[in-house]
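The model shown is predicted, which means the values in this text are computed figures rather than measured ones. Lettering of chains follows the sequences in order, A, B, ..., and the numbering in each one begins at 1.
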Amino acid sequence: MANQGRTEMATTGGAQAVTAERSEARPVLAPAVDVYETSDNLYIYADLPGVSDKDLELTFDEGVLTIEASQQIETPQGFELARAEFQPVDFQRSFRLREPVDESKIDARLKDGVLTLVLPKAKPSARRITVKTE
Amino acid sequence: MNGLWGPALAWPTTWENELRRLFDLPLPTLFGTARARTAPWPPLNVWVHEHGLVVHVLLPGVDADSLDVTVQEQVLRLSGERKQPELPEGATVHMSERPYGKFVRSLRLPFPIATDAVKASYTGGVLRIELPRHEQDKPRRIKINTQGEGA
């Protein structure tokens, strides 16, 4: 179960799900997220424990935001695993954004294993068309 | 290695999850719903060696000051609080999957611990606890009291 990518659920308004891909090497898990929306921004918080910025990749392509990350938790040398409630995973999750966002102003921060994304909504460019009279 | 404490490396555990809000909610995208209801939070791995233990706990986004790790009578107790980020004003919540609130977990350890030498660190949302084994197995010289000769 854990070793297959997940098709994400759709949500209202801000983000809609896209599919996640399989990974041969490690289980792929969709990180737990919170998604908030205001009139100006979209906020995404993702739990990525054991992920550092060099193992995190964010892509934004044609309205689809993808989070990919690899969890790195070292194995203590010479120790045996006596109780296992988690195993190292690759994280992957994609969101189709229903509203256009200003790609150049996406703000991403990773702190204590939590990724915070702020995506400013693109302002609709209202253009007045002047009508020429002959 | 197994011979040390034999196959009876049983881990009698006492879960005292005071708040398990996450696991009272169906989480179809995280695990299966059934598993999510029973899995204790935060998840931890325990590594064992004849000289001690290492515990890894997945705890993203927790204020380190809120974490409390104690070892008493061969029981490791871990507690803390994970707070929800402040909602921007007028925000609509579309998804809320991350667990918040206070948590407590207790774990019975397979041998006594040198409690003075326990170390804990928190980086990248992972709590690492080192629990060296108590030096109780060392032979100890026992002082023999003699009655005072004049008594």
Show every donor-acceptor pair shorter than 3.5 Å between a side-chain atom in residues 102-109 of chain A and any protein atom, with sequence neighbours excluded, or say none if there are none.
from     : atom 1 : to       : atom 2 : distance (Å)
A:Asp102 : OD1    : A:Ser104 : N      : 3.3
A:Asp102 : OD1    : A:Ser104 : OG     : 2.8
A:Asp107 : OD2    : A:Arg109 : NE     : 2.8
A:Asp107 : OD2    : A:Arg109 : NH2    : 3.4

Partner chain B: residue of [options] with the largest heavy-atom pair count (under 4.5 Å):
| options | result |
| --- | --- |
| A:Thr38, A:Thr116, A:Val114, A:Asp47 | A:Asp47 |
| A:Lys111, A:Glu74, A:Gln71 | A:Glu74 |
| A:Gly113, A:Ala46, A:Pro49 | A:Pro49 |

* **Check ion pair A:Arg93-A:Glu68 (N to O, under 4.0 angstrom)** => no
* To do: Using a strict 4.0 Å threshold on nitrogen-to-oxygen distance, state whether B:Arg105 and A:Glu85 make a salt bridge.
  =>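 Answer for the salt bridge query: yes.
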* Asked: Which one, B:Pro85, B:Gly90, B:Ala64, leads in non-hydrogen pairs under 4.5 Å with chain A?
  ->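 Between B:Pro85, B:Gly90, B:Ala64, the count favours B:Pro85.
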* Asked: Is there side-chain contact between B:Leu53 and B:Pro110, with at least one heavy-atom pair below 4.5 Å?
  ->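 Heavy-atom side-chain distance check passes, below 4.5 Å.
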* Asked: Residues in side-chain contact (heavy atoms from CB on, under 4.5 Å) with A:Thr75, at least two apart?
  ->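 Partners of A:Thr75 by the side-chain contact (heavy atoms from CB on, under 4.5 Å) criterion, ordered by chain and then number, come out as B:Trp47.
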* Measure distances from B:Glu130 to the heavy atoms of chain A and classify the residue's part below 4.5 Å as side chain, backbone, both or neither. => neither
* Asked: Side chain, backbone, both or neither: which part of B:Val55 has a heavy atom under 4.5 Å from chain A?
  -> neither
